[in-house]
Each structure stands twice: as structure tokens, then as C-alpha cells.
Amino acid sequence: MGSSPHVGQPVQDFTLPGGTLAEGTFERRDYTLSDARGRTVVLAFYPGDNTAVCTKQLCSYSSGLETFTGLGAEVWGISPQGVDSHESFARTYGLRMPLLADTGREVARAYGITAPGIGVRRAVFLIGPDGVLRWKHVAVLGATFQSLDTLADHISGTKNK
């Protein structure tokens, strides 16, 4: 496992393929973190599509998407599965946030969250509009996830800095 970025420091830029389900169409494109400058980005790393806890987590974030956008934030789900798997996952559960494919786990390694056996630890990184890490949570076991309310509180706190 690599070293996780530290709160208060700029995060490493990356580009990953992914897609977003919008009005029945899964729109595929590349997502580059630096392109989101000026907005808060919640990077929600999760071990796998169509798994119990991951599904609950992503459904929670998707159903609360207006809370995030109301705070000027975007949520990007990132896991090691490919874009085809993400499309199926998004269609099955109506997930409305971008799902990014880190198939080689390069971004997970850069963020220090790879783990033997599960591949990627469940983790959330809150990136401020300036590209600086404002808050993070890396799960040890990954059986639970950070709630929409917890993330909204942290995003609100970031806007006041």
C-alpha cells in the first residue's frame, strides 16, 4: 500500500475512463481531476460493483446527489471494474454520479488504498475547489461507509475555509 495524501496538501492529478447515467443513456468519457478545479470533488473509492455494501453506499450517494450539488460538490465513484461493469451497475440501480474505472489500480495506489485480498479499500477523499485534500476517511475493514450527512457536513466545513 502506498502513502495516502495528507490533509492540507494538493492531491495528485489523474485521468480515468468512466461514464454517467443520464436520462437512460450511459455517457462515456474520460474524467480528469484537474478539470474539476473550482468545484469540490468527493472521490468515493469502493471495492466492487454489485456487492452489498458498495451498492448501498453508491445508492445512498446517488439518491442524495442534490445535497452534494447544492453544496457545489461532485461525487465520483472509483473502483477497479471496467466501464462496461460500471454501466451495468449504474443501469441496475439508477446511479447518477460518474463511475470511474481504475482497472490497473494506479489511482488507488497513488491514494494509498490498495489492499491485499480485496484490491481496494473503501475510502473517501474530499478535494477542495483548489485541488487540496480537505478531509479523508480510509476504512480498515470496509463493512461500513461514510454517510451522506457526514460528507455534507465536511463539505460545508470546507466551503468556510
Side-chain angles (χ1 to χ4, degrees), residues 1-21 26-37 39-62 65 68 73-148 150-151 154-155 158:
M1 186 161 87
S3 177
S4 184
H6 298 287
V7 172
Q9 294 183 335
V11 296
Q12 182 175 327
D13 196 19
F14 64 82
T15 300
L16 288 173
T20 305
L21 185 62
F26 192 76
E27 300 171 4
R28 295 173 182 236
R29 69 175 181 88
D30 286 342
Y31 290 80
T32 300
L33 184 58
S34 59
D35 289 348
R37 285 279 166 87
R39 297 179 306 277
T40 298
V41 179
V42 177
L43 300 179
F45 288 89
Y46 64 100
D49 294 339
N50 296 302
T51 59
V53 177
C54 297
T55 298
K56 187 174 179 182
Q57 176 184 15
L58 277 284
C59 285
S60 167
Y61 296 169
S62 180
L65 209 55
F68 291 114
E74 299 180 24
V75 179
W76 295 0
I78 304 173
S79 78
Q81 290 74 40
V83 178
D84 289 343
S85 176
H86 288 339
E87 179 175 358
S88 174
F89 186 40
R91 287 184 182 284
T92 299
Y93 295 100
L95 303 175
R96 302 178 295 148
M97 79 282 288
L99 299 179
L100 282 55
D102 186 19
T103 56
R105 296 185 178 93
E106 292 89 0
V107 176
R109 269 193 291 285
Y111 280 73
I113 58 165
T114 55
I118 61 168
V120 174
R121 292 187 188 281
R122 186 176 316 284
V124 177
F125 293 85
L126 181 59
I127 314 303
D130 54 359
V132 171
L133 180 62
R134 298 298 177 194
W135 180 80
K136 68 179 177 179
H137 179 269
V138 179
V140 176
L141 298 175
T144 61
F145 58 89
Q146 296 301 299
S147 72
L148 171 68
T150 297
L151 295 177
H154 285 288
I155 293 167
T158 298

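For the numbers below, each heavy atom of this structure counts, side chains included, while hydrogens, waters and symmetry mates do not.
For the pair K136 and P5, the tightest heavy-atom approach, listed with the atom from each and the gap, is NZ-O, 2.6 Å. Residues A90 and L21 come closest through the heavy atom pair O-CD2, 3.3 Å. The nearest pair of heavy atoms linking Y61 to L148 is CE2-N, 4.3 Å. For the residue pair T55 and F89, the shortest heavy atom distance occurs at OG1-CE1, 3.4 Å. Among all heavy-atom pairs drawn from P47 and Q81, the shortest one is O-NE2, 3.4 Å.
For the pair S60 (side chain) and K56 (backbone), a donor-acceptor distance under 3.5 Å is absent. No donor-acceptor distance shorter than 3.5 angstrom exists from the side chain of R121 to the backbone of G112, with no hydrogens or angles considered. Proximity of a side-chain donor or acceptor of S62 to a complementary backbone N or O of R96 within less than 3.5 Å is detected.
Here the side chains of L99 and M97 are in contact, with some heavy-atom distance below 4.5 Å. You'll find the side chain of L126 stays beyond 4.5 Å of the side chain of L151, heavy atoms only. Considering only heavy atoms from C-beta on, F26 comes within 4.5 Å of V83 through its side chain. The shortest side-chain heavy-atom distance between P98 and H86 does not fall under the 4.5 Å cut-off. Within the 4.5 Å cutoff, the side chain of L133 has heavy atoms near those of the I127 side chain. Looking at heavy atoms from C-beta onward, D30 lies in side-chain contact with P17 at the 4.5 angstrom threshold. Inter-residue side-chain proximity for Y111 and D102 is flagged as unmet; no heavy-atom pair is nearer than 4.5 Å. No side-chain heavy atom of V120 sits under 4.5 Å from any side-chain heavy atom of S79.
Note: D49 CG to T92 OG1 = 9.5 Å, rounded to the nearest 0.5 Å. For the atom pair E106 CD and Q12 CD, the distance stands at 10.5 Å (nearest 0.5 Å). The SG atom of C54 lies 6.5 Å from the CD atom of Q57; values are rounded to the nearest 0.5 Å. Separating the OG1 atom in T20 from the CD atom in E87 is a distance of 11.5 Å, to the nearest 0.5 Å.
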Could you walk me through whether V124 and W135 pass the side chain to side chain contact (heavy atoms under 4.5 Å, CB included) check? CA-CA 8 Å; V124 177; W135 180 80; 4.1 Å; yes
Decide side chain to side chain contact (heavy atoms under 4.5 Å, CB included) for L58 and Y93; before the verdict, give the C-alpha distance in whole Å, the side-chain angles of both, and the deciding distance to 0.1 Å. CA-CA 9 Å; L58 277 284; Y93 295 100; over 6 Å; no
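Under a cutoff of 6.0 Å and an axis angle of 45°, R29 and Y31 form a cation-pi pair.
A salt bridge is defined here as a Lys NZ or Arg NE, NH1 or NH2 lying under 4.0 Å from an Asp or Glu carboxylate O, and D84 with R28 meets this definition.
A ring-ring contact (aromatic ring centres under 6.0 Å, His included) with F45 holds for exactly one of F125, F145, W76; it is F125.
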